[in-house]
Amino acid sequence: MKADASLVVWFEELGQHDVPRVGGKNASLGEMVGRLAGKGISVPAGFATTATAYWRFVDENGLREAIAAALADLGDGKATLAETGEAIRNAFLRGHWPKEVAEAITADYNELCRRSGGAMADVAVRSSATAEDLPDASFAGQQETYLHIRGEEALLDACRRCYASLFTDRAISYRQTKGFDHLKVALSIGIQRMVRSDTGGAGVMFSIDTETGFEQVVLINAAWGLGENVVQGAVDPDEYEVFKPLLANPSLSPIIEMKRGGKARKMIYADDGDQPTRNVPTSEAERAAFVLDEREILQLARWACIIEEHYGRPMDMEWAKDGNSGELFIVQARPETVQSRREAGALKTYRIKRKGRTLASGLSVGEAVTGGTVCALESAREIDRFVDGAVLVTGTTDPDWVPIMKRAAAIVTDHGGRTSHAAIVSRELGLPAVVGTGNATRVLHDGQAVTVSCAEGEEGFVYEGLADFEAEDIDLRGIPATRTKVMLNMANPAAAFRWWRLPADGVGLARMEFVINNQIKIHPMALVRYETLADKEVKRRIAELTAGYADKTAYFVERLARALARIAAAHYPAPVIVRMSDFKTNEYANLIGGAEFEPKEQNPMLGFRGASRYYSPQYRDGFALECRAIRLLRKQLGFDNVIVMIPFCRSPKEADRVLEVMAANGLERGKDGLQVYVMCEIPSNVILARAFARRFDGFSIGSNDLTQLTLGVDRDSEVLAELFDEQDEAVEWMIRHVIDEAHAVGAKVGLCGQAPSDHPSFAEFLVTCGIDSMSVSPDSFVAVKRHVVAAEQAAAPGKVATRA
Ligand code: PEP
Ligand code: MG
């Protein structure tokens, strides 16, 4: 029997324009099935009930009157929201199906079973409100979804419950606030073949960085089992990030982040009991493994790009992997609603000047900092206990929490990833949130004063007490382009995307040792010599951190390459100068396993650092890992905008030895476009500038070490702080001299020391010396740029071009 087309429609017959008929969710599923299947995107088959079907149900059961009466009581204060919601939902649940609607649904269900091979099909039953997914309101999780539904009777029952869920308390209150008429919103139901992600995995994906609005990455969250746990934030998922511009090249694998999540449990089918699904703990092996492999991550990211391109805007998607067949599917797609609405020309920055001890940390959501008093709640029913403007602390949130979240200053949860309910709603409300802390509800207590900071990159922190911080609004419009390039010094890959809006000419200094400290934490030689390490405790910690990697050195190489890739991605295709490690021996010794490999020196600043280590038998193998990471970064991940820089190179002879070791490790200057720079930070670099210039593509002046070594002032000495002056005549002579010498033989010169960041007017001196570029800390970028503009204008009035 053919089903009545005014009541049910197959996905492939639906498109974007069908929102009034089947709601945003189903219209978009239809659009994808119909228009994107040809581009390789798999969406599970299914059909939708129409708004007409909903109104038939409503009218058959006299529900208009019941709804209107219940809402009138709510308006008159005769009933509470909870009573009103329950009365309306019960009226729906008692309702019986108009014969023609029930027949249409079961007819299409039977057809779906036939199409899926004959047996009784498992379906997901999803709600799609006809006013849902408007560009300015995500309605995230407003109505219910029922998974693993099988058989006609169970299906009709789930459909009835979907209808009732249009009147959950939160949905009623949401419509009241947004001014939607309750009797003008209808509910369409999507009935979609179940993807067996109970035996595979599932999650959420965004075609934009959710925190910073950086448009060049796809963010994917993944957990084992059905996707509900990721959506609700009940698990800490894996997090992957892919750089979109390099995806088109099939020989590259531009995955710039693969972070393993805790994934403590998974939702699977429950074939006994009255619930169709249940949560079970994951195995140790599941927790140690990534849910998706590289090929799957790239495939999903490619789909995200196709879907985004099709809709012409950043998208928020749900995906699922069938564990039996290994196939991937997109099960939902809707417009991203937060970053896409943000004003393009503005950047708000926060600087924390003084802070208390760290009480908890997790993933940061948003980019703000705020202080407040903790209010820890176990359930949304405790709403009356919540104090306006407090920091909400809880295990996890679901849509019932929204009325509380609206009144909070910040939100901190134990569980959940960047795409969990708590994260999505906080972002929508513009609140900072730290999610997935693991222990917030244990360590934070009612009445405690805390500061929630999401302004320090991917990691968010809860500090004890009210921190001293300042906020600044930077207007990026009308910043002119300058002849002298102004680049950024980047230390923390986790914070790299925060600054993508700055019109910088690339990265002038990415200090590898910071990345090792932040993300790797293990001494490279301790990984090379893992088997023979003396310290048992060190071995245990290393084994723990490197779990899931093919071998110990792969941990270092892959982590380092991906971390640097985040920095390289934020400014691609502009040049990004990555400096090989420049730890001092005392700093190296502090890395896990470092003590066994580092000599104790009286004067580490003048000791075994920089270039001298790279060819030494004591570190050569460690340097080989650094080279492997750069090769992976440039060749496999595809970031050929990366330039390598050698620090603290004492003589031309040393330069030759380093270049030789690099070539032996597959990094040959000039091959595959590889440029190699050298720091100019020792007087010998200036005195023998031409000899160095012939061996490298350029110099970057390290004014910190150059000042220290020219004036003989320890850069770290508080006693001598007043004597440490980069604007001293002798230092300025050095800078001017090396620029002239380098230019005489055609080498480029930049400066990446602190001088212009600390004293923006110093930039004017550098411009008058004819320097090619300078690299500054991101928070001083705008001030430095102004000085560069002024100096260039003074030299050649009217020559500065303004960016649009
Ligand atoms: C410098 O010396 O100026 C420099 C940029 O290097 P570092 O501060 O890392 O020694
Ligand atoms: Mg230096």
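Note that ligands are numbered from 1 as they come in the structure, with each ligand's atoms numbered from 1 the same way.
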Test salt bridge (Lys or Arg N to Asp or Glu O under 4.0 Å) on Asp640 and Arg634 and set out the steps. CA-CA 5 Å; Asp640 56 7; Arg634 286 180 44 92; over 6 Å; no
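Between Glu211 and Arg418 there is a salt bridge, with a side-chain nitrogen of the basic residue lying less than 4.0 Å from a carboxylate oxygen of the acidic one.
A side-chain hydrogen bond (donor to acceptor under 3.5 Å, both in side chains) with Thr482 is found for one member of Lys785, Gln793, Glu792 and no other, namely Lys785. For the side chain to side chain contact (heavy atoms under 4.5 Å, CB included) test with Val788, the passing option among Val776, Thr484, Ile771 is Thr484; the others fail.
Shown here are the side-chain contact (heavy atoms from CB on, under 4.5 Å) partners of Arg736, two or more places apart in sequence or in another chain: Asp740, Phe765, Cys769.
Minimum interatomic distance between Ala504 and Leu488 (heavy atoms only, all atoms of both residues): CB-CG, 3.7 Å.
Within 6.0 Å of atom CZ in Arg501, more than 12 heavy atoms from other residues, nucleotides or ligands are found, so the atom counts as buried in its surroundings.
Protein residues with a heavy atom under 4.0 Å from ligand 1 are Leu509, Arg511, Arg579, Arg609, Met679, Glu681, Gly702, Ser703, Asn704, Asp705, Arg715, Cys752, Gly753.
Counting only protein atoms, the N, O or S atoms lying less than 2.8 Å from the Mg ion (ligand 2) are Glu681 OE1, Asp705 OD2, ordered by chain and residue number.
Applying the salt bridge (charged side-chain N to carboxylate O under 4.0 Å, His left out) test to every pair with at least one member in residues 483-493, sequence neighbours left out, gives no pairs at all.
The aromatic rings of Tyr614 and Phe623 lie parallel to each other, with less than 30° between the two planes, well short of the 60° mark.
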